[in-house]
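On a predicted model such as this, the values are computed, not experimentally measured, just so you know. Naming convention: chains lettered A, B, ... in sequence-line order (proteins, then strands); numbering from 1 in each chain.
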There are 2 protein chains.
Amino acid sequence: MAERAGVSRSAVSRTFTDGASVSEETRKKVLEAAEALGYHVNHLARQLRERSNIVCLIVSDVTTPVRAALLDSLTRRLQAAGKITVVLNTESDEASVGRALKLTLHYRADATVVLSGTPSSSLVQTALANGQQVILINRDDRLDGCENVGVDNAIAAREALFLLRRAGCERIGLLTSAASTPSLIARERHFFDAAEREGLSISLWKEGPTTYRSGYDAALKMFARSQAPDGVFCVTDLLALGFMDAARHAFGLRIPQDLCLVGFDNIEEAGWQSYQLTTFEQPLDRMARHVVDLLSLPEALGSSDRAAAVFEPVPIWRQSVRSHPA
Amino acid sequence: MAERAGVSRSAVSRTFTDGASVSEETRKKVLEAAEALGYHVNHLARQLRERSNIVCLIVSDVTTPVRAALLDSLTRRLQAAGKITVVLNTESDEASVGRALKLTLHYRADATVVLSGTPSSSLVQTALANGQQVILINRDDRLDGCENVGVDNAIAAREALFLLRRAGCERIGLLTSAASTPSLIARERHFFDAAEREGLSISLWKEGPTTYRSGYDAALKMFARSQAPDGVFCVTDLLALGFMDAARHAFGLRIPQDLCLVGFDNIEEAGWQSYQLTTFEQPLDRMARHVVDLLSLPEALGSSDRAAAVFEPVPIWRQSVRSHPA
DNA sequence: TTGAAAGCGGTACCAT
DNA sequence: ATGGTACCGCTTTCAA
């Protein structure tokens, strides 16, 4: 202990606590001694009395552009808010997420933010019981006691359908992945609902994981048969980009003349010259900010308000959809 | 404290310490009580006696594909090794990195891994003095006492030049960004060295940050004048992809007939059908594994060996370079 | 095998 | 404003 500054430990503590009363003189002595000894307050020892200030991020597939972007916003903002961000990189299955969530308990995290995968309800309950705040991002299945922040999939699905119809597409398809995450399922369901309301029939295609490769493979298979679609809503930009590449390079299809494509996420790559994908942007940074707000303002809003914040996706008009029928 | 299990705290501790001697009976009692009370060992309180098990990752530009990939490997492997991974998302300037590094001291991190930016030498020294291990990734400037892991930029630069020459390129260029990170500078320098050895003159272009957009803008400017290059080594895939898009779409250049391009990193996107970029892969996962090894085996290797591990980049042959002169 | 007690690095309360 | 002290949750000697 740095009390070779010739003062008590209390004085040291007060020096590093803002709003405590220390004379300028002792303060200086302490600061000097600290400098000499290379002393730094141990933030984790503080945690023995108060909150730990730790926020755990449970995430999988960090390399996926959307995920990386979300992780970026979140870590930035958490850090700005003075939180300690621990990231738990898991698989997205329930067991892995469960293990990760259990770890957060050992770290005495004040809060856990789940970016991917869904923990079992019982595990969440124990986290909650341990005084932890649990925030789920883009999980449409609400769990009791969790706070949710996500994007409005219904709007995007409806608008996507509108765009394809306005373009005069006659055989509309929906491409999704075999990985059924809540938000993907929601986009699918809302797209079908909207189509049904208009008496349209949609062809559904599910292919592998949510990757570029899956989109590519899907197109390879779809255009190898008769009755291929001329307008497709891909539930993810990554799928859309792969789909577009295969349609163009393997089948010589022109976008948007022969085929219209709508994506979702607005990842960087969607704006690249080779793609110019029309898509919907998730306001990730605003969502991240909201998460931090949720952590900071303890119970400012009524609990019903907190339970679910849904952000409106913003359409990004580029060139993969015609503005009129061909 | 869970001694309503009817045992001492010592017993509880021993139950959760492997290799401690507890009778099966007490063990059971403790476990039951823990279950009932929802008790979880506080890993951060442990740290008051021993090592904290915390590893800090200092990183900027998380959305950049290489960075995200590295972060992914690292977090995965650290977690597998039982480490607690705290990520500090900073800007890459020295001041930000410095602030981040200072934070790691407050968290009593056992080690800090710097993925981007370079901390000042003095700050590193205080971290070292506090018993922290500091590992720098892809910083060619060696700092005293740090361990380094990186990729061999010299080989890649030489090989890139070879590829372009074999393709018969006559006006060879080098595209880099204005952000002079050590590894970018190294690639540039080695490329020039190699060219000089062969008596070749290279045209150098620096453009903005290390992004797709910069590559795009660079091409726009370069092909707007006479004497444009017919073979370019882009120090980063992202630059190469932007460059390729502008060359193709704005100038109708055919790749590789009219223009040969070599990148570096082998990000996912480089393999996409629209690009098929010939590039060099950084063995990120092996590098990540090495980092974890460095953390685990305390002083297994001689300190000179540890000081710098350089991995050989592996060439990824695709279609952006001709195999013979046109 | 078990329990008592000391100490890890802090902060907060209570006197002074 | 300052110092003394108890306590946060856990591990580790040391005796029993």
Flag the pair Ile137(A) / Met287(A) as yes when at least one side-chain heavy-atom distance between them is below 4.5 Å, and no otherwise.
-> yes
Judged by modelled atom types alone, do Arg27(A) and Thr15(A) share a side-chain donor-acceptor pair under 3.5 Å?
-> no
What nucleic acid atoms does His40(B) come within less than 4.0 Å of, heavy atoms only: base, sugar-phosphate, or nothing?
-> sugar-phosphate
State whether Tyr107(B) places a side-chain N or O below 4.0 Å from either non-bridging phosphate oxygen (OP1 or OP2) of dG9(C).
-> no
Could you state the NE2-P distance from His106(B) to dG10(C), rounded to the nearest angstrom?
-> 10 Å
Whole-Å distance separating the CZ atom of Arg9(B) from the P atom of dG3(C) = 13 Å
Is any NZ, NE, NH1 or NH2 atom of the basic residue among Arg76(B) and Glu91(A) found under 4.0 Å from an Asp or Glu carboxylate oxygen of the other?
-> yes
Partners passing side-chain contact (heavy atoms from CB on, under 4.5 Å) against Asp110(A) (at least two apart in sequence or in another chain) = Arg51(A), Ser52(A), Asn53(A)
OP1 or OP2 of dG10(C) sitting under 4.0 Å from any side-chain N/O of Arg108(B)?
-> yes
Worked verdict on Gln282(A) versus Asp265(A) for side-chain hydrogen bond (donor to acceptor under 3.5 Å, both in side chains) = CA-CA 5 Å; Gln282(A) 298 203 48; Asp265(A) 279 342; 2.8 Å; yes
Mind calculating the distance between CG (Asn42(A)) and P (dC8(D)) to the nearest angstrom?
-> 18 Å
Quick one: do Arg289(A) and Asp285(A) make a salt bridge, cutoff under 4.0 Å?
-> no
Calculate the interatomic distance between Leu48(A) atom CG and dC10(D) atom C1'; express it in whole Å.
-> 9 Å
Take Gln132(B) and Thr104(B) through the side-chain hydrogen bond (donor to acceptor under 3.5 Å, both in side chains) test and state the conclusion after the steps.
-> CA-CA 9 Å; Gln132(B) 201 177 102; Thr104(B) 68; 3.3 Å; yes
Taking only the side-chain heavy atoms of Val7(B) (C-beta and beyond), determine which of dG4(D), dC8(C), dG3(C) contains the nearest atom.
-> dG3(C)
Roughly how bent is the helix from dT1(C)-dA16(D) to dT16(C)-dA1(D) end to end, in steps of 10 degrees, with each end axis from five pairs?
-> 40°
dG3(D), dG3(C), dT11(C): which one has an atom nearest the side-chain heavy atoms of Ala11(B)?
-> dG3(C)
Rounded off to whole Å, could you give me the CD-to-C1' distance for the Gln47(B) and dG9(C) pair?
-> 8 Å
Audit row: Ser96(B), Asp93(B), side-chain hydrogen bond (donor to acceptor under 3.5 Å, both in side chains) steps and yes/no | CA-CA 6 Å; Ser96(B) 306; Asp93(B) 62 293; 2.6 Å; yes
Tell me: CZ of Arg49(A) to C1' of dA12(C), nearest whole Å?
-> 5 Å
Tell me what Arg46(A) touches on the nucleic acid: a base, only sugar-phosphate, or nothing, going by heavy atoms under 4.0 Å.
-> sugar-phosphate
Whole angstrom value for the distance that separates C1' of dC8(D) from NE2 of His43(A) = 17 Å
Nearest-neighbour nucleotide for the Ser10(A) side chain, dC10(D), dG10(C), dG4(D) considered = dG4(D)
So does Gln47(B) have more than 12 non-hydrogen atoms from other groups sitting under 6.0 Å from CD?
-> yes
Close residues, residues 14-29 of chain A, relative to DNA chain D [heavy-atom separation under 4.0 Å] | Arg14(A), Ser21(A), Val22(A), Ser23(A), Thr26(A)
